[in-house]
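Report on the following structure.
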Amino acid sequence: MKKVTLTLGVLTALASTQVLAVDQINAVHAFPPSLIYTQSFLEFVDKVNERGEGVVQINVRGGPEVIGLSEQPDAVRNGVVDMAYTAASFYAGTVPERDAMVASNTNAIYARENGGIDLLNEIHQEKMGTYYLGWFDSGVSYNFYTIDGPSVDGEGNLNVSGLRLRSNPVYDAFFQDYLGAQPISLPTTDVYAALERGVVNATGWTQIGLKDLNWDRFLNYRVDPAFFSTDMGVIVNLDKWNQLSEESQQILQEVAIEHERDSAEQLAELAKEQQAQLEADGMQVITLEGEAAQRFSDAARDATWERMRGQMERHPMGLEHYDTLIEKFNDL
């Protein structure tokens with residue numbers, strides 16, 4: 001009996017050691033679970049937890065109800081939480097190079113293969129103390145949506161006079177510097193109520209997720225052409241990343257790269273489907289034509305690159321990677 005007790009004790013100790021050896025990562029996400037982008041991140045988490053069983057596990061604490069979406073990047077940076085799925089625009093003051101993603105005309109597949117994401121990761125580590133694990137849900141463009149029919153001027157340019165335009169850091173350079181708007185900055189979680197009460201009557205948003213947010217109840221018009229690209233990705237506290245086992249790091253990075261590709265391909269198809277559904281439900285499309293359309297597209301890109309240049313110049317690293325980032329995040 002004594003021998004059995006000892007054996008059980010040894011087994012219990014070994015089991016405890018194995019449990020302790022599993023790398024645990026606490027994570028948050030920027031948006032509510034109902035949004036397609038959050039669902040994509042949770043899909044990534046499931047992939048990691050399945051492949052990383054016994055090695056590494058991601059524990060999702062929640063979304064903006066746990067840590068405000070604009071506070072999440074600093075929470076990762078300071079080690080309050082290990083990982084966040086968030087828009088890089090929420091920490092643009094720290095990593096202005098994130099505008100390379102915003103102004104991109106391609107996706108993570110292209111930028112991963114040519115080293116663009118690896119370069120962005122190096123910049124995150126140096127400037128922010130975070131590891132940039134992956135650019136998820138990339139290549140999905142934005143459109144301009146309004147409650148009432150938008151007007152164009154005599155040259156065919158979009159006229160924003162009279163619009164109460166909702167904005168956030170993604171759009172500000174384009175909306176202010178080119179369109180000449182004075183937008184109202186609101187987080188995603190406040191936009192439904194703002195549309196309902198008439199606080200705003202226009203907004204930018206991606207080609208996916210309008211129905212998930214129920215904004216289509218109010219927004220009746222879409223302006224083409226589309227512009228920008230989503231800049232959603234996963235950042236990890238750098239100290240936490242360095243503490244992970246090599247096997248954990250390898251699993252996380254491999255799954256992230258796979259999810260970059262899968263999410264870009266899947267969401268490209270979903271964007272087409274959701275845009276078609278909105279039109280079938282009565283959304284009207286206002287298409288800028290000819291030179292006006294080209295000016296609109298060029299201005300979105302150029303205003304964003306100019307913002308990136310101005311913000312990079314204020315950092316010690318300066319413009320060291322400016323031209324390289326534009327090259328690696330655009331299929332020129």
Open item on the list: Around atom CD of Glu53, are there more than 12 heavy atoms from other residues, nucleotides or ligands closer than 6.0 Å?
Closed with: no

Is any NZ, NE, NH1 or NH2 atom of the basic residue among Glu50 and Lys47 found under 4.0 Å from an Asp or Glu carboxylate oxygen of the other?
no

How about Gln57 and Asp23: does a side-chain donor come under 3.5 Å of a side-chain acceptor? no

Counting N and O atoms only, with roles assigned by atom type, does the side chain of Asn78 sit under 3.5 Å from a partner on the main chain of Asp74, one being a donor and the other an acceptor?
yes

Review point. Hey, does Ile25 have a side-chain heavy atom less than 4.5 Å from the side chain of Asn59?
Key: no

| query | Can you tell me if His29 uses its side chain to pair, donor with acceptor, with the backbone of Phe31 under 3.5 Å? | reply | yes

Check against side-chain hydrogen bond (donor to acceptor under 3.5 Å, both in side chains), Gln250 and Glu254
CA-CA 6 Å; Gln250 182 176 353; Glu254 286 180 352; 3.0 Å; yes

Practice item. Report yes or no: does Thr38 contribute a side-chain atom to a donor-acceptor pair with the main-chain N or O of Pro32 at less than 3.5 Å? Key: yes

Criterion ring pair (Phe, Tyr, Trp, His ring centres under 6.0 Å) on Phe227 and Phe174, from CA distance to verdict: CA-CA 10 Å; Phe227 55 94; Phe174 177 38; 5.1 Å; yes

Between Ile235 and the options Leu133, Thr130, Asp82, the side-chain contact (heavy atoms from CB on, under 4.5 Å) test singles out Thr130

**Request:** Kindly indicate whether the side chain of Phe144, heavy atoms from C-beta on, has any atom under 4.5 Å from the side chain of Arg222.
**Result:** no

Parallel under 30°, tilted from 30 to 60°, perpendicular over 60°: which one fits the rings of Phe296 and Tyr178? perpendicular

Inset, instruction - For side-chain hydrogen bond (donor to acceptor under 3.5 Å, both in side chains), just list the numbers for Asn105 and Asp331, CA-CA rounded to whole Å, side-chain angles, deciding distance to a tenth of an Å, and then say yes or no. - result: CA-CA 7 Å; Asn105 66 359; Asp331 186 7; over 6 Å; no

>> For a quick check under 3.5 Å, do Gln266 and Asp262 share a side-chain donor-acceptor pair by atom type?
In response: no

Can Phe175 be reached from Val152 by stepping across I, L, V, M, F, W or Y side chains whose heavy atoms are under 4.5 Å apart?
yes

Applying the 4.5 Å side-chain criterion to the ILVMFWY set and letting contacts propagate, would Ile147 and Ile286 be lumped into a single cluster? no

Taking the ring of Tyr132 and the ring of His124, is the distance between their centroids below 6.0 Å? yes

What one should report as the nearest heavy-atom pair of Val56 and Ile251 is CG1-CG2, 4.2 Å

Donor-acceptor pair, distance only, cut-off 3.5 Å: does the side chain of Asn114 make one with the backbone of Lys328? yes

Q.
Would you say that more than 12 heavy atoms from the other residues, nucleotides or ligands in this model lie under 6.0 Å from the CD of Glu265, or not?
A. yes

Between Met308 and Pro96 the two heavy atoms that sit nearest each other are CG-O, 3.5 Å

Quick one, Leu270 with Ile36, criterion side chain to side chain contact (heavy atoms under 4.5 Å, CB included). Give me CA distance, side-chain angles, the key distance, then yes/no. CA-CA 10 Å; Leu270 184 60; Ile36 186 67; 3.8 Å; yes

request  = Report the C-alpha separation of Asp137 and Ser40 in whole Å, then their side-chain angles, then the decisive distance to 0.1 Å, and conclude whether the side-chain hydrogen bond (donor to acceptor under 3.5 Å, both in side chains) test is met.
outcome  = CA-CA 8 Å; Asp137 313 316; Ser40 173; 2.6 Å; yes

Value for OG1 (Thr304) from CZ (Arg98), rounded to nearest 0.5 Å, stands at 8.0 Å

Between Asn107 (side chain only) and Ser138 (backbone N and O only), is there a donor and an acceptor less than 3.5 Å apart? no

- Message: Grouping I, L, V, M, F, W and Y whenever their side-chain heavy atoms are under 4.5 Å apart, do Phe90 and Tyr131 come out in a common cluster?
- Response: yes

When every non-hydrogen atom of Asn242 is compared with those of Gln249, the smallest separation belongs to CA-NE2, 4.0 Å

Checklist line | Residues Tyr322 and Glu313: side-chain donor-acceptor under 3.5 angstrom | finding: no

Regarding Asp239 and Gln243, do their side chains bring together a donor and an acceptor under 3.5 Å, going by distance alone?
no

query = So, Glu97 and Lys127, do they make that salt bridge, N to O below 4.0 Å?
reply = yes

ask   = Are any side-chain N or O atoms of His259 and backbone N or O atoms of Gly134, one a donor and one an acceptor, separated by less than 3.5 Å?
value = no

**Prompt:** Should Asp298 and Arg301 count as an ion pair when the cut-off is N to O under 4.0 Å?
**Reply:** yes

#### Entry: Pair Asn143-Asp224, side chain to side chain contact (heavy atoms under 4.5 Å, CB included): steps then yes or no
CA-CA 7 Å; Asn143 280 97; Asp224 282 348; 2.8 Å; yes

task: Check whether any side-chain N or O of Gln274 sits under 3.5 Å from a backbone N or O of Gly209 as a donor-acceptor pair, and report yes or no.
output: yes

- Cation-pi, Tyr91 ring and Arg77 (6.0 angstrom, 45 degrees): no

- Step through it carefully: locate the ring centre of Trp135, locate the ring centre of Tyr110, and say whether they are under 6.0 Å apart. no

Notebook entry, point to check: Any salt bridge between Asp99 and Arg309, counting N to O under 4.0 Å?
Noted result: no

*Answer yes or no: are there more than 12 heavy-atom neighbours, outside Glu247 itself, under 6.0 Å from its atom CD?*
no

Nearest heavy-atom contact between Thr324 and Leu119 is CG2-CD2, 3.8 Å

>> As a quick check of understanding, evaluate side chain to side chain contact (heavy atoms under 4.5 Å, CB included) for Glu320 and Met312, giving each step before the final call.
In response: CA-CA 9 Å; Glu320 180 180 351; Met312 286 176 67; over 6 Å; no

* Would you say the side chain of Phe228 lies within less than 4.5 Å of the side chain of Thr206, judging by non-hydrogen atoms? -> no

* Please answer whether the main-chain N or O of Ala256 pairs with a side-chain N or O of Glu258 as donor and acceptor at a distance below 3.5 Å. => no

Are Leu35 and Phe218 co-members of a hydrophobic cluster defined by side-chain heavy atoms under 4.5 Å apart?
yes

**Message:** Please check: side-chain N/O of Tyr171 versus main-chain N/O of Gly204, any donor-acceptor pairing under 3.5 Å?
**Reply:** yes

* Asked: Taking NZ, NE, NH1 and NH2 as the nitrogens, is one of them in Asp281 or Lys211 under 4.0 Å from a carboxylate oxygen of the other?
  -> yes

request  = Please step through side-chain hydrogen bond (donor to acceptor under 3.5 Å, both in side chains) for the pair Asp231 and Ser89, ending with a clear verdict.
outcome  = CA-CA 7 Å; Asp231 63 344; Ser89 292; 2.6 Å; yes

The reported gap from CD in Gln284 to CD in Glu279 (rounded to nearest 0.5 angstrom) is 10.5 Å

Quick check: does any side chain N or O of Ser245 sit under 3.5 Å from a backbone N or O of Ser248, one acting as donor and the other as acceptor? yes

For the pair Arg261 and Glu113, find out whether any cationic side-chain nitrogen is under 4.0 Å from an anionic carboxylate oxygen.
yes

- Could you give me the CA-CA distance, side-chain angles and deciding distance for Ile326 and Trp305, then say whether side chain to side chain contact (heavy atoms under 4.5 Å, CB included) is met? CA-CA 8 Å; Ile326 290 175; Trp305 284 348; 3.5 Å; yes

Note to self: Would you say the rings of Tyr221 and Tyr145 are close, in the sense that their centroids are separated by under 6.0 Å?
What the structure shows: no

Please answer: with hydrophobic residues joined when any side-chain heavy atoms are less than 4.5 Å apart, are Leu120 and Val170 in the same cluster?
no

Tightest non-hydrogen contact, residues Thr106 and Ser229, listed as O-OG, 4.1 Å

Worksheet item: Side chains of Asn220 and Asp148: do they bring a donor and an acceptor to under 3.5 Å?
Response: no

On a heavy-atom basis, the closest approach of Gly198 and Arg164 is O-NE, 2.9 Å

